[in-house]
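Inspection log for the structure reproduced underneath, given as structure tokens.
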Amino acid sequence: MEETQYYSQQKLEAIQWSRLQDLWQFIWRHNDFYRQRFLACGLQEQDLRSLDDVRKLPVLTKKEIRSQGSALLSNGFRQNNLLHFKTGGSTGKALDIFITEECSELRNACARRHDRWTGWEPGEPIGAAWGNPKLPKSFRAKLIDNCVQPFIYLDTMAVTDQSVRQFAKAWEVKKPTLLFGHAHSLYLLAQQVDTLKIKSIQPVGILSTSMMLLPHERAVIEKVFKRKVTDRYGCEEVSLIGCECEKHDGMHMNIEHLIIEFLREDGSYAAPGEPGRIVVTDLMNKAMPFIRYEVEDVGVRLDRKCSCGRGLPLMGKVNGRVADFLIKSDGSRVAGISLIENTLTDINGIDQMQIVQYSINKFKLNIVCGVEFGCSQAGQLESYFRGIFGSDIIIELQKISEIKAEKSGKYRFSICQVNTL
Ligand SMILES: [Zn+2]
């Protein structure tokens with residue numbers, strides 16, 4: 001993977017094509033679910049003649065995976081020989097995912113490759129700001145942890161002055177080179193480090209993962225730690241999709257083992273720079289293949305080359321989970337996260353905000369206020385929302401002290417509870 005990242009796009013596509021052919025042949029022989037699915041669409045084994053033919057295949061939704069369950073497993077794979085995990089999912093609907101050991105190792109390799117883009121090297125200690133961290137329990141696990149991959153944790157489910165000070169102390173002892181965490185957890189840590197005037201946390205690289213990194217949060221983290229943040233994007237079902245390099249100019253797509261498409265509502269391909277629904281084919285998980293899997297995120301493909309010299313093509317900003325889009329009365333969707341970005345930059349005194357949409361015309365804004373927030377800012381905020389969703393909407397403003405994390409440790413800033421079914 002260290003080598004292939006610098007391959008030309010043409011050479012990378014040759015790898016994709018060879019892996020796709022291999023998976024395709026495997027599926028026709030060993031996976032009843034897909035074989036029936038393809039036959040039902042009028043497809044035959046000989047119908048895949050080039051990479052482009054992927055677009056002939058039906059898109060797989062989360063709903064289908066939930067309803068089909070273990071039917072997606074290929075013949076010859078037994079659940080207890082596979083690695084199993086449940087995806088949390090911000091929508092609260094869990095999926096059971098099974099992968100082979102080989103696939104898991106490849107995913108880990110891909111993550112380690114990206115970790116190195118931050119300046120970190122394997123074996124160097126890592127400081128993680130994480131909700132519900134999985135701490136080693138057995139003596140053996142602790143030993144491995146300490147020798148192979150030393151970690152220190154800040155449990156972001158309960159960030160206090162004391163826990164941040166303890167984290168800073170542990171940092172002085174183990175001297176991690178990488179600071180790693182959910183975007184919002186890193187932001188909360190940066191704020192606290194700034195308030196407490198802690199100087200000891202000096203990472204070489206900062207890696208933001210598992211949730212969207214908002215521009216204002218990125219700015220605060222970079223200012224406090226005096227380092228650029230490296231962002232990455234993925235989902236639990238297919239692991240890392242796009243990774244920012246040291247140039248911080250878009251995310252390189254991991255196309256050696258993934259086919260990543262950006263679709264318009266009608267299923268055609270979005271143009272470079274045009275937001276599209278992200279659909280991913282995982283070329284390596286034969287146990288439970290994900291073919292044209294709809295991730296339910298919206299992102300953009302970029303057609304420029306990165307100055308770092310890597311051949312992996314670029315994708316741009318992910319605009320958010322489809323589930324976190326808000327709905328206007330005409331049925332169109334608005335990325336909640338964009339509204340938050342706009343209001344946070346245009347209206348003074350809002351530190352953080354969470355939007356909850358209960359129905360087409362009923363909203364609640366949970367606001368963590370700064371000192372400047374008063375009646376005039378509240379008025380500005382209301383009229384901004386009325387301008388987008390209509391003058392007759394009901395908006396409730398609620399001041400809160402912090403936005404609480406979900407059980408998974410992630411944060412949601414835009415929650416749409418409108419039943420569109
Ligand atoms: Zn690059």
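Numbers here are sequence positions counted from 1.
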Carefully, step by step, assess V204 and T118 under the rule side chain to side chain contact (heavy atoms under 4.5 Å, CB included).
CA-CA 7 Å; V204 172; T118 67; over 6 Å; no

Could you give me the CA-CA distance, side-chain angles and deciding distance for F77 and I99, then say whether side chain to side chain contact (heavy atoms under 4.5 Å, CB included) is met?
CA-CA 10 Å; F77 287 98; I99 65 171; over 6 Å; no

Would you sort out whether I255 and I259 count as a side chain to side chain contact (heavy atoms under 4.5 Å, CB included), showing the intermediate values?
CA-CA 6 Å; I255 66 163; I259 296 175; over 6 Å; no

Derivation of the salt bridge (Lys or Arg N to Asp or Glu O under 4.0 Å) call for D282 and R107
CA-CA 11 Å; D282 181 342; R107 290 179 179 190; 2.8 Å; yes

Pair K364, Y358 - check side chain to side chain contact (heavy atoms under 4.5 Å, CB included), show working.
CA-CA 8 Å; K364 185 173 169 190; Y358 296 106; 3.3 Å; yes

Could you walk me through whether R292 and E294 satisfy the salt bridge (Lys or Arg N to Asp or Glu O under 4.0 Å) test, starting with their C-alpha distance in whole Å, then the side-chain angles of each, then the deciding distance to 0.1 Å, before giving a yes or no?
CA-CA 6 Å; R292 295 201 91 204; E294 162 114 50; over 6 Å; no

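Side-chain N or O atoms of H257 include none that pairs as donor or acceptor with a backbone N or O of L283 at under 3.5 Å. Looking only at distances, a side-chain donor or acceptor of E222 sits under 3.5 Å from a matching main-chain atom of V229. Within the 3.5 Å criterion, the main-chain N or O of V279 finds no donor-acceptor partner in the side chain of D297. Panel note: side chain E13, backbone Q10; no donor-acceptor pair is recorded below 3.5 Å. Side chain of S208 to backbone of L213: no donor-acceptor contact under 3.5 angstrom is found. Listed for the S104 side chain is no donor-acceptor partner under 3.5 Å among the backbone atoms of T100. With hydrogens and angles disregarded, a donor-acceptor distance shorter than 3.5 Å links the side chain of T195 to the backbone of Q191. Between the R386 side chain and the I393 main chain, a donor and an acceptor come within less than 3.5 Å of each other. In this structure a side-chain-to-backbone donor-acceptor pair under 3.5 Å is missing from Q357 to I415. Checked by atom type and distance alone, the side chain of D96 never pairs as donor or acceptor with a backbone atom of H84 at under 3.5 Å.
Taking SG of C308 as the reference point, atom CD of E244 lies at 11.0 Å (rounded to 0.5 Å). Distance check: E121 CD to R116 CZ gives 4.0 Å after rounding to the nearest 0.5 Å. Atom CG of residue L314 and atom SG of residue C245 lie 7.5 Å apart, to the nearest 0.5 angstrom. For the atom pair CE of M1 and CG of N254, the computed distance is 6.0 Å after rounding to the nearest 0.5 Å. For the atom pair OH of Y34 and CG of L57, the computed distance is 10.0 Å after rounding to the nearest 0.5 Å. A distance of 9.5 Å separates CD1 in I367 from CD in Q398, rounded to the nearest 0.5 Å.
You'll find the side chain of L326 reaches within 4.5 Å of the side chain of L339, heavy atoms only. Within the 4.5 Å cutoff, side-chain heavy atoms of R277 are placed close to those of E265. Within the 4.5 Å cutoff, no side-chain heavy atoms of E101 are placed close to those of L82. Between I278 and E261 there is no side-chain heavy-atom pair separated by less than 4.5 Å. S329 is not listed as a side-chain neighbour of N361, based on a closest heavy-atom distance of 4.5 Å or more. Side-chain contact between N285 and F98 is absent, with no heavy-atom pair separated by less than 4.5 Å. Looking at L179 and L207, their side chains never come closer than 4.5 Å, going by heavy atoms from C-beta outward. Looking at C235 and I241, their side chains come closer than 4.5 Å, going by heavy atoms from C-beta outward.
Side-chain N/O atoms of D346 and Y384 include no donor and acceptor closer than 3.5 Å. For the residue pair W171 and Q166, no side-chain donor N or O sits within less than 3.5 Å of a side-chain acceptor on the partner. Side-chain atoms of T61 and E64 form a donor-acceptor pair, as typed in the model, at a separation below 3.5 Å. Neither side chain, D52 nor S50, offers a donor N or O lying under 3.5 Å from an acceptor on the other. Counting only N and O atoms by type, the side chains of Q377 and N348 include no donor and acceptor under 3.5 Å apart. Of the N and O atoms on the side chains of E256 and T4, at least one donor lies less than 3.5 Å from an acceptor on the other residue.
In this structure, G123 and W120 approach most closely via the heavy-atom pair N-CZ2, 3.8 Å. Heavy-atom minimum distance, G250 versus R304: N-NH2, 4.3 Å. Closest heavy-atom contact between I206 and R227: CD1-CB, 3.7 Å. Smallest separation of non-hydrogen atoms from A129 and L186: CB-CD2, 4.4 Å. What you find for R113 and W117 is that their closest heavy atoms are O-CD1, 3.1 Å. The two residues P203 and F225 make their nearest non-hydrogen contact at CD-CD2, 4.3 Å.
Salt bridge R310/E246: present, at least one basic N to carboxylate O contact under 4.0 Å. The pair K62-E237 meets the salt-bridge criterion, with a side-chain N (NZ, NE, NH1 or NH2) lying under 4.0 Å from an Asp/Glu carboxylate O. Under 4.0 Å is where a charged nitrogen must lie from a carboxylate oxygen, and between E274 and R301 no such pair does. Ionic pairing of K286 and D22 is present here: one or more N-O contacts between side-chain nitrogen and carboxylate oxygen are shorter than 4.0 angstrom. Using a cut-off of 4.0 Å between Lys/Arg side-chain N and Asp/Glu carboxylate O, K305 and D249 are scored as not salt-bridged. Salt-bridge formation is detected for the pair D115/R232: a Lys NZ or Arg NE/NH1/NH2 atom is positioned less than 4.0 Å from an Asp or Glu carboxylate oxygen. Ion pairing of E124 with K175 is absent here, as no side-chain N (NZ or NE/NH1/NH2) approaches a carboxylate O to less than 4.0 Å.
Counting heavy-atom neighbours within 6.0 Å of Q162 CD, excluding the residue itself, gives a total of 12 or less. Atom NZ of K169 is surrounded by 12 or fewer heavy atoms from other residues, nucleotides or ligands within 6.0 Å. In the displayed structure, K228 atom NZ is contacted under 6.0 Å by at most 12 heavy atoms of other residues, nucleotides or ligands.
Figure legend: R264 and Y269 shown without cation-pi pairing, the cationic atom not lying both under 6.0 angstrom from the six-membered ring centre and within 45 degrees of its axis.
F151 and Y153 have parallel rings, their planes meeting at less than 30° on a 0 to 90° scale where 60° marks the start of perpendicular.
Separation of the Y187 and H182 ring centroids does not fall under the 6.0 Å cut-off. Aromatic rings of F389 and F363 (six-membered ring for Trp) have centroids within the 6.0 Å cut-off, being under it.
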